[in-house]
Every structure is written in C-alpha cells, then in structure tokens.
Amino acid sequence: MFVLGSSGLVASKLGGIYKTVFQIFLAVCFPSALSLYFLTDVTSLDDIFVSVTLYTILPVAIIAYLSWVVADQLDREVPLTGFLTAAIALFVLCVMHHNGAVTDGDYNDGESSSLVIDSDLAKTNRKNGGYFSLYLLYVGTSYTGMLLKMWRQRVHEKRLVSRRAEHQN
C-alpha cells in the first residue's frame, strides 16, 4: 500500500513530461524488480522462459479481458496506481502457485475446492524459475489491455470533440 500511495502522490505532484516519464519508469521497474523473486532458487536459466500452451493462453486471455474492463476505472491523470495494483495482484497469484498452492480439487476429482500446498510442485517451480517469465507475460498482457482501452477512449473523445466543432461551424 505504501508503494501505491507514495508513487501516486509523487506522480500527481509532477508536471508535464516528468509525470509521464516517472509513471512509465515505475510501471516498468516495479514488476521487473518483483519478478526477480522467482529467480532466487533457480539452478539453471534454461527453463525460465515458458512455452506457449493452452494453460498459458487461457490465463493470458482472461487477464487481457479483465484489464480491458478495469481500464475504465483508471485515473486519467495518474493511471500508475492502477498499473501497480495489477502488478501486485498478479505477483501474489504467481507467488502462491510458485510456492505450490493448488486447489484440493486437483487431487480429488474436483470434489473439493480447498487450497493445499504441494511441496513437490513448489520444489520444481523454484528450481526451474518459469514463473519469472510467466509473471512478466501476465503483467505485460495486463498493461497492454489497459493501455489499449485508454488509447481507444482518447481516440473516441478526440473524434467527438472534432465532430462537435464541425457541427458548431
């Protein structure tokens, strides 16, 4: 919460190009720094990049859609807090699975939905470091969804303004 509040406050106090540069810098550096967590116990850098499968495409599609929908709620002057919130939420989800958190339904034919820790899965995840690139993929997807929606809204607003100006003349 401190990071969100303080970064939003600093960004709101800055003006012009400095505000934009600060927001872009922090939006890129913050998740990059968080992603280093997934490399702490890596034994080899060969497996840190995930392969594209159905199990990576489906979450990416869900994250892109949710980010597109949530982009309506972003502050137009300081959207940084929304981007950092997404990065933190995705980090928490990735850390949970990186540490072996799975639903009990994965082991009991889907009858239960309690959360359990699979220590073998956690060891494997820590050794291969695949969540490093997966987290960055998720954050990049989220940022892209939010940026595209913000860009679309700005283009739409500019068209409305130009149409109103044409009708008034």
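We're numbering straight along the sequence, starting at 1.
- Residues satisfying the side chain to side chain contact (heavy atoms under 4.5 Å, CB included) criterion with E157, sequence neighbours excluded, are R76.
- Qualifying side chain to side chain contact (heavy atoms under 4.5 Å, CB included) partners for L9, counting only residues two or more places apart in sequence or in other chains: S12, K13.
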Kindly list each side-chain donor-acceptor pair under 3.5 angstrom involving residues 79-96, sequence neighbours excluded, with atom names and distances?
residue : atom : partner : partner atom : Å
T85     : OG1  : T81     : O            : 2.6

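- Partners of S162 according to the side chain to side chain contact (heavy atoms under 4.5 Å, CB included) rule, which considers only residues two or more places apart in sequence or in another chain, do not exist here.
- A chain of hydrophobic side-chain contacts below 4.5 Å, direct or via other Ile, Leu, Val, Met, Phe, Trp or Tyr residues, connects L34 to L39.
- Atom NE2 of H167 sits about 7.5 Å away from atom CZ of R163, to the nearest 0.5 Å.
- Between atom CE of residue M146 and atom CE of residue M150 there is a gap of 9.0 Å, rounded to the nearest 0.5 Å.
- For D72, the side chain to side chain donor-acceptor pair (under 3.5 Å) partners are K149, Q153, not counting sequence neighbours.
- Within the model, atoms CG of L136 and CZ of F38 stand 9.0 Å from one another, a figure rounded to the nearest 0.5 Å.
- I57 and I62 are not part of a single hydrophobic cluster, where members link through side-chain heavy atoms under 4.5 Å apart.
- Among residue pairs with one or both ends in residues 133-148, those qualifying as side chain to side chain donor-acceptor pair (under 3.5 Å) are S67-S142; sequence neighbours excluded.
- Linking ILVMFWY residues whenever their side-chain heavy atoms come closer than 4.5 Å, directly or via other members, leaves V70 and I63 in distinct clusters.
- Applying the side chain to side chain donor-acceptor pair (under 3.5 Å) test to residues at least two apart or on different chains, the pairs with a partner in residues 18-41 are Y37-N99.
- Nearest heavy atoms, V42 versus G129: CG2-CA, 3.6 Å.
- At a threshold of 4.5 Å between side-chain heavy atoms, the hydrophobic network of Ile, Leu, Val, Met, Phe, Trp and Tyr places V116 and L121 in one connected group.
- Connectivity analysis of hydrophobic side chains (ILVMFWY, heavy atoms under 4.5 Å, direct or indirect) links W151 to V155.
- Taking hydrophobic clusters as Ile, Leu, Val, Met, Phe, Trp and Tyr residues chained together by side-chain heavy-atom distances below 4.5 Å, I17 does not share a cluster with V28.
- Listed by chain and number, the residues in a side chain to side chain contact (heavy atoms under 4.5 Å, CB included) with N128 are D47, T124 (sequence neighbours excluded).
- Once rounded to the nearest 0.5 Å, the distance linking CZ of F22 with CG of L14 reads 6.5 Å.
- Among residues at least two apart or in separate chains, there is no salt bridge (charged side-chain N to carboxylate O under 4.0 Å, His left out) pair with a member in residues 126-144.
- Atom-to-atom distance recorded for H97:NE2 and L134:CG is 9.5 Å, nearest 0.5 angstrom.
- Residues L66 and V69 fail the side-chain proximity criterion, which asks for heavy atoms closer than 4.5 Å.
- Side-chain atoms of H156 and L160, non-hydrogen and from C-beta on, do get closer than 4.5 Å to each other.
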